[in-house]
Amino acid sequence: FVEGLAKVGYQTNCIGGVAFFDKRSALGSVFPAMFRHSFWRPSFGCGVQESAVNQIDFIIKRLHQTPQETLVFYYVNICAIHYPNWFYDPNGRKNHDDLNSHKAALRHVDSELARLLTAFAQRRRTFVIATSDHGTCYGEDGFQFHGLPNDITNTVPYKHFFLEEAR
């Protein structure tokens with residue numbers, strides 16, 4: 001998919017948050033190598049409460065620096081819902097992720113996405129795919145987190161839509 005877009009003239013970009021994008025190991029280099037430009041910064045990482053803000057700020061800045069006529073594709077790995085996410089829930093326990101902190105992290109990410117979508121819509125009509133790479137267990141079937149085979153971890157949200165140009 002990424003290679004196909006590049007072949008028809010898209011500038012392909014990857015913005016990662018988890019270690020699969022950090023290029024510090026062989027595994028962390030595989031996915032970024034598929035893109036013309038790939039970026040990972042410690043400030044994009046899971047343990048940073050403002051990681052989504054930092055990622056979106058970075059993308060918006062890059063979009064403003066990219067000529068309007070350039071076709072762009074961005075793959076964005078927003079890691080705010082990965083653990084740790086306890087710091088998003090003001091009523092939660094420190095260093096304890098649970099379903100409430102996960103929901104709070106989702107609300108945080110959702111509150112930031114409008115800025116990103118607006119920045120894309122200001123360029124031209126944009127096709128968006130919003131999905132996740134996995135779900136997360138918080139006690140279902142006795143499991144915690146996501147590194148395991150389970151219906152919860154294998155069920156992911158998916159939505160695609162077009163943003164109309166907003167100039």
Side-chain angles (χ1 to χ4, degrees), residues 2 13-32 34-35 37-64 73-122 126-163 166:
V2 177
N13 300 272
C14 170
I15 311 294
V18 298
F20 290 113
F21 299 89
D22 68 11
K23 298 185 256 184
R24 295 188 289 187
S25 68
L27 184 58
S29 300
V30 173
F31 203 66
M34 296 178 189
F35 297 82
H37 303 286
S38 62
F39 305 93
W40 181 92
R41 308 278 188 279
S43 66
F44 299 167
C46 298
V48 178
Q49 187 170 2
E50 297 301 319
S51 62
V53 173
N54 297 336
Q55 288 178 300
I56 292 170
D57 286 348
F58 182 85
I59 295 166
I60 290 171
K61 182 178 178 182
R62 282 194 53 82
L63 283 172
H64 288 309
F73 170 75
Y74 275 83
Y75 178 95
V76 186
N77 163 250
I78 297 177
C79 69
I81 60 169
H82 284 75
Y83 46 85
N85 58 43
W86 59 268
F87 41 70
Y88 294 106
D89 183 1
N91 301 313
R93 292 185 2 224
K94 185 176 182 179
N95 296 318
H96 178 75
D97 293 350
D98 59 22
L99 190 55
N100 289 327
S101 64
H102 191 90
K103 289 177 184 178
L106 283 169
R107 285 191 299 273
H108 170 72
V109 169
D110 285 350
S111 74
E112 291 297 320
L113 287 179
R115 294 186 312 119
L116 180 63
L117 298 178
T118 297
F120 277 110
Q122 289 172 345
T126 303
F127 182 64
V128 176
I129 299 172
T131 190
S132 179
D133 55 346
H134 55 72
T136 300
C137 290
Y138 288 101
E140 295 87 353
D141 301 322
F143 294 112
Q144 292 291 324
F145 304 117
H146 62 260
L148 46 100
N150 182 284
D151 287 344
I152 298 293
T153 60
N154 293 332
T155 302
V156 296
Y158 174 88
K159 176 83 175 167
H160 69 269
F161 54 94
F162 281 96
L163 296 173

Problem - Gap separating the OG1 atom of Thr136 from the CZ atom of Phe143, nearest 0.5 angstrom - result: 14.0 Å
Exercise for the section: Taking the side chain as every heavy atom from C-beta outward, state whether Asp97 and Pro84 have any atom pair closer than 4.5 Å. Expected result: yes
Fill in the blank from the handout: Closest non-hydrogen atoms of Asn77 and Gly17, given as atom of the first, atom of the second and distance, are OD1-N, 2.8 Å
Problem - Donor on one side chain, acceptor on other, Arg41 and Asn54, under 3.5 Å - result: no
Exercise for the section: Mark yes or no for whether Thr153, through its side chain, and Leu148, through its backbone, hold a donor-acceptor pair below 3.5 Å. Expected result: yes
Problem - Val18 to Cys79 - nearest heavy-atom pair and separation - result: CG1-CB, 3.6 Å
Exercise for the section: Could you tell me whether the side chain of Ser111 and the main chain of His108 form a donor-acceptor pair under 3.5 Å? Expected result: yes
Exercise for the section: Working to the nearest 0.5 Å, report the span between OG1 of Thr118 and CZ of Phe120. Expected result: 11.5 Å
Practice task
Evaluate the side-chain contact (heavy atoms from CB on, under 4.5 Å) criterion for residues Ile78 and Leu113: first the C-alpha distance (whole Å), next the side-chain angles of each, then the deciding distance (0.1 Å), finally the verdict.
Solution key: CA-CA 10 Å; Ile78 297 177; Leu113 287 179; 3.9 Å; yes
Practice task
Mark yes when over 12 heavy atoms from residues, nucleotides or ligands other than Asp110 sit less than 6.0 Å from its CG; otherwise mark no.
Solution key: yes
Practice task
Could you tell me whether Asp57 and Arg115 have a side-chain N and a carboxylate O separated by less than 4.0 Å?
Solution key: yes
Practice task
Spell out, as yes or no, whether a donor-acceptor pair under 3.5 Å connects the side chain of Gln55 to the backbone of Val53.
Solution key: no
Completion exercise
Trp86 and Ser101 have their tightest heavy-atom pair at CA-CB, 3.7 Å
Fill in the blank from the handout: Here the pair of heavy atoms bringing Leu116 nearest to Ile59 is CD1-CG2, 3.6 Å
Fill in the blank from the handout: Value for CZ (Phe31) from CG (Asp22), rounded to nearest 0.5 Å, stands at 14.0 Å
Exercise for the section: Starting at CG of Asn100, measure out to OH of Tyr88 and round the result to the nearest 0.5 Å. Expected result: 15.5 Å
Exercise for the section: Calculate, to the nearest 0.5 Å, the distance between atoms CG and CD belonging to Leu163 and Gln122 respectively. Expected result: 11.0 Å
Practice task
Starting from the C-alpha separation in whole Å, work towards a yes-or-no answer on side-chain contact (heavy atoms from CB on, under 4.5 Å) for Val156 and Asp133.
Solution key: CA-CA 7 Å; Val156 296; Asp133 55 346; over 6 Å; no
Exercise for the section: For Gln49 and Phe87, indicate whether the former's side chain and the latter's backbone hold a donor-acceptor pair under 3.5 Å. Expected result: yes
Problem - Val2/Phe73 under side-chain contact (heavy atoms from CB on, under 4.5 Å): CA gap, chis, key distance, verdict - result: CA-CA 8 Å; Val2 177; Phe73 170 75; 4.0 Å; yes
Problem - Test item: Ser51 side-chain N/O and Cys46 main-chain N/O as donor-acceptor pair under 3.5 Å - result: no
Handout entry: Side-chain touch Arg62/Phe39, heavy atoms, less than 4.5 angstrom
Key = yes
Problem - Flag side-chain contact, heavy atom, 4.5 Å: Pro32 against Phe35 - result: no
Practice task
Identify the residue among Pro42, Ser38, Ser43 that makes a side chain to side chain contact (heavy atoms under 4.5 Å, CB included) with Trp40.
Solution key: Pro42
Problem - Donor-acceptor contact present, side-chain Asp89 to main-chain Ala104, <3.5 Å - result: no
Practice task
Tell me yes or no: between the side chains of Asp141 and Asn150, is some donor less than 3.5 Å from an acceptor?
Solution key: yes
Handout entry: NZ on Lys23 to SG on Cys14, rounded to 0.5 Å
Key = 8.0 Å
Problem - Heavy-atom closest contact (Ile60 atom, Ala119 atom, distance) - result: CG1-CB, 3.7 Å
Practice task
Would you please indicate if the ring centroids of Phe162 and Phe127 are separated by under 6.0 Å?
Solution key: yes
Practice task
Considering non-hydrogen atoms only, spot the tightest contact between Ala52 and Val109 and give its length.
Solution key: CB-CG2, 4.4 Å
Practice task
Would you mind reporting whether Ile15 and Tyr74 have side-chain heavy atoms less than 4.5 Å apart?
Solution key: yes
Practice task
Please say whether more than 12 non-hydrogen atoms of neighbouring residues, nucleotides or ligands are located less than 6.0 Å from CZ in Phe20.
Solution key: no
Practice task
Kindly say whether the aromatic ring centers of Phe44 and Phe21 come within a distance under 6.0 Å.
Solution key: no
Practice task
Please work out whether the ring planes of Tyr158 and His160 are parallel, tilted or perpendicular, with thresholds of 30° and 60°.
Solution key: tilted
Practice task
For His134, enumerate each residue passing the ring-ring contact (aromatic ring centres under 6.0 Å, His included) test, keeping only those at least two apart in sequence or located in another chain.
Solution key: His82, His146
